Colleague: 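Submitted below is the structure of interest, expressed as structure tokens.
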Amino acid sequence: MVTDELKELFEQSEQTQYNGKQHYKNQDEILTFSKNEDYLTYLKNYEFDEILELGEEKSLQFPDGILPDWVQDKVDQTAEMIEAPKTMVAMTALSVLSVALHAKVKMTLRPSWIIRPNVFMLVVALPGESKTPTLKEMYKPVRKYEDEIKQLHELNIHSLSAQYESLDEQINKAKKELNKIDDTNGALNGVNKKGILDKISRLGKEKNDLPSLNNPRITADEVTPEGYIQLLADNKGVLSIISAEMDIFTMFSNGANGIPKPEALLKAYNQEQITKDLKGDKKEGSKGVHINSPSSVCFSMIQPIVLKNMSDLLIGRGLLDRFILAFPESRIGTKQFIDIEPDSRINNIYDGAIERMLKTKDDSYHLTFEPEAQKVFNDFLKKHDKAQAEGNELYDLGSYATKIPQNIGKLIPLLHVADTFIHGDVPEEISKETVVKAISLYDFIISNAFKGMNVSRKNLRDAAMKTALSKIKNSKKLKGHQEINIRDLVLTYDKSSAAQKEVAIALEGLKDRGYLIRFNVGRKKNIWLNPKIMD
């Protein structure tokens, strides 16, 4: 629940600042003119984006209108103050929401598909892009909460130690009684062996249910695979890995030999059971760890060289497949270094909301879709599945593409709770509008995935673009024309059912790279070439 003070603060801000919401607009809309319009005048004055050479990958930036207004305000202010790429700050904000909420929320995407909003994200940026200052500013409420629970734990540590000692004494006493029992009659002073075993089991459970004597953790910035499992166990299966300097992929490789060990992290992504024997000291021997439903958020900012040099073995284990990637546009060379005074209202709303989320009881929300929202999500799953078929646009993303619906599914409850929490109660059913908003990140995720995965699509898209360009420049009918009818371009190919599909793929890629724009005049489908490629 939201405190009255926080709610009042938000409502005051909303009255003066949030008169309307921004909505994500599809930048790929095709220009449409009527037959009587003077479309040539418009096209001749059209300003093309800079041409992106074939073979390079263009990644979209995080769109506006996705995050709740109170989060977007914090993102805008932080990006301006620190002069950091807005995509980087937006991704960091999403990770903060995920850290605050993933243990509080369960979402039924389909009857047999229940997830938590524990999102894995990776921001790839050069040195000097303000990675550490961004993380420090956006994670202030999380760090404050961690300090508070640490101080409270230290106050209670003596009482907690006494409880551990008392239970250990009772367990040891029961074990001694068990050793005295004569196995021939199975009883001692009227107490049978089963009764003592049940008592030892009960006392052991009481001990396991006690908080760890170690300081409680919400996040860690550097762990080993074994240390991660132990930290998970110490924190009741909930721990997030957040780092602006150390990459997660190095953490989950085994020392100098680089053997990947991502199993525990993969299981935490899916909330799958972890059972592991960890080495103890000589006195205790091995210690068994059992975590029924682990959950972790992973957020890391790395340099491009880390992604380039990533072990093929690690990629093959599927860890990278779980991450939403982002390549923010660089701010280097454009910074003004102007001191800006932060708006305390924006900070108070953001810090207060995140703190209240962190203090919310685990498993407070179990969410489902409204009927219309369920239909939209199911339709999205069908379209995405078709896009993965051989020869279609996502085929070359391979196993990475199979995880995109799950990541979209994790974002849906995250946006729903963040958007409604600030006003008070969180509705159990998620609206169609929230689902549409989450799905609108699809193109952003895909474009950054292709760039990050360094996928060679020469067999389909690159080859299609090269062929189309060659025909546009060299065909007798098309050469020298800035306006080209798509049907005329298709006719330059060998007559086959695949020609239209190949042309469609080529034109989409060339449009994204600034070579041309598509437009319709009535029913005619045409393209208008960038004059730079006509020279």
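None of these values were measured; they are calculated from a predicted model.
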Colleague: According to salt bridge (charged side-chain N to carboxylate O under 4.0 Å, His left out), who are the partners of R322, at least two apart in sequence or on a separate chain?
Modeller: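 R322: no salt bridge (charged side-chain N to carboxylate O under 4.0 Å, His left out) contacts found.
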Colleague: Which pair of non-hydrogen atoms, one from V376 and one from K432, has the smallest distance, and what is that distance?
Modeller: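 The answer is CG2-CG, 3.8 Å.
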Colleague: Below 4.0 angstrom, N of the basic side chain to O of the carboxylate: do D488 and K477 qualify?
Modeller: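 Looking at K477 together with D488, the answer is yes, because their closest N to O distance falls below 4.0 Å.
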Colleague: Dump the intermediate steps for side chain to side chain contact (heavy atoms under 4.5 Å, CB included) on H102 and S240, then the final yes or no.
Modeller: CA-CA 10 Å; H102 73 111; S240 299; 3.6 Å; yes
Colleague: Side chain of E355, backbone of Y350: donor and acceptor closer than 3.5 Å?
Modeller: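 Answer holds: no.
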Colleague: Classify the ring geometry between Y442 and F380 as parallel (under 30°), tilted (30 to 60°) or perpendicular (over 60°).
Modeller: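 Answer is perpendicular, since the angle exceeds 60°.
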Colleague: Keeping E83 on the side-chain end and Q336 on the backbone end, is there a donor-acceptor pair under 3.5 Å?
Modeller: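 The answer is yes, because a donor-acceptor pair under 3.5 Å joins these two groups.
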Colleague: Determine whether a donor-acceptor pair (N or O, by modelled atom type, separation under 3.5 Å) exists between the side chain of T108 and the backbone of T368.
Modeller: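 Absent.
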Colleague: Okay, side chain of N474, backbone of S470: is any donor-acceptor separation there less than 3.5 Å?
Modeller: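 Flag set: sc N474 to bb S470 pair under 3.5 Å.
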Colleague: Between T434 and K437, is a side chain to side chain contact (heavy atoms under 4.5 Å, CB included) present by the stated rule, with each step listed?
Modeller: CA-CA 5 Å; T434 299; K437 188 182 289 187; 5.5 Å; no
Colleague: Report yes if the side chains of I472 and L529 come closer than 4.5 Å at any heavy-atom pair, otherwise no.
Modeller: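 Contact flag for I472/L529 side chains = yes.
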Colleague: Check G452 against L325 and note the closest heavy-atom contact, atom names and distance.
Modeller: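 In this case the closest contact between G452 and L325 is CA-CD1, 3.8 Å.
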Colleague: Hey, are the side chains of Y493 and T467 touching, using non-hydrogen atoms and a 4.5 Å cut-off?
Modeller: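 Of all side-chain heavy-atom pairs linking T467 with Y493, at least one is under 4.5 Å.
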Colleague: Is there a donor-acceptor pair under 3.5 Å between the side chain of K451 and the backbone N or O of A326?
Modeller: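 No: the side chain of K451 does not pair with the backbone of A326.
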Colleague: What is the ring orientation for Y39 with F519, classed by angle as parallel under 30°, tilted 30 to 60°, or perpendicular over 60°?
Modeller: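 The rings of Y39 and F519 sit tilted, inter-plane angle from 30° to 60°.
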Colleague: Minimum heavy-atom separation for F48 and G514, please, with both atom names.
Modeller: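 Shortest heavy-atom contact: CD2-O, 3.7 Å.
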Colleague: Closest heavy-atom contact between I430 and P413?
Modeller: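 What the structure gives for the nearest pair is CD1-CA, 3.9 Å.
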Colleague: Is a donor on one side and an acceptor on the other found under 3.5 Å between the side chain of Y46 and the backbone of W528?
Modeller: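 Between the backbone of W528 and the side chain of Y46 there is no qualifying donor-acceptor contact (under 3.5 Å).
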Colleague: Would you please classify the geometry between the F62 ring and the F444 ring as parallel, tilted or perpendicular, with 30° and 60° separating the classes?
Modeller: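 Perpendicular.
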Colleague: Within the distance-only criterion (no hydrogens, no angle test), does the side chain of E37 pair as donor or acceptor with the backbone N or O of S34 below 3.5 angstrom?
Modeller: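 It does hold such a pair.
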Colleague: If you define the side chain from C-beta out and look only at heavy atoms, does anything of R518 sit under 4.5 Å from L31?
Modeller: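 SC-SC contact between R518 and L31 ruled out.
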Colleague: Quick one: pull up CG in L491 and NZ in K471 and give me the separation to the nearest 0.5 Å.
Modeller: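 If we round to the nearest 0.5 Å, L491:CG and K471:NZ are 11.0 Å apart.
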Colleague: Tell me whether K410 forms a cation-pi arrangement with Y269, defined as NZ or CZ under 6.0 Å from the six-membered ring centre and within 45 degrees of its axis.
Modeller: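 Judged by the rule (NZ or CZ under 6.0 Å from the ring centre, within 45° of its axis), K410 counts as positioned above Y269.
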Colleague: Has the side chain of N520 got a donor or acceptor atom that lies under 3.5 Å from a matching backbone atom of G522?
Modeller: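 It does not hold such a pair.
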Colleague: Looking only at heavy atoms, which two atoms of L320 and Y400 are closest? And how far apart?
Modeller: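 So the minimum-distance heavy-atom pair works out to O-CE1, 3.5 Å.
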Colleague: Does the pair D379/K375 count as a salt bridge with the N-to-O cut at 4.0 Å?
Modeller: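 Looking at D379 and K375, the cut-off is met.
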Colleague: If I compare all heavy atoms of D49 with all of N530, which pair ends up nearest, and what's the gap?
Modeller: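 Heavy-atom minimum between the residues: O-ND2, 4.1 Å.
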Colleague: Taking salt bridge (charged side-chain N to carboxylate O under 4.0 Å, His left out) as the definition, give me every residue that meets it alongside K74, ordered by chain and number, with sequence neighbours left out.
Modeller: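 Counting only residues at least two positions away or on another chain, K74 forms a salt bridge (charged side-chain N to carboxylate O under 4.0 Å, His left out) with E137.
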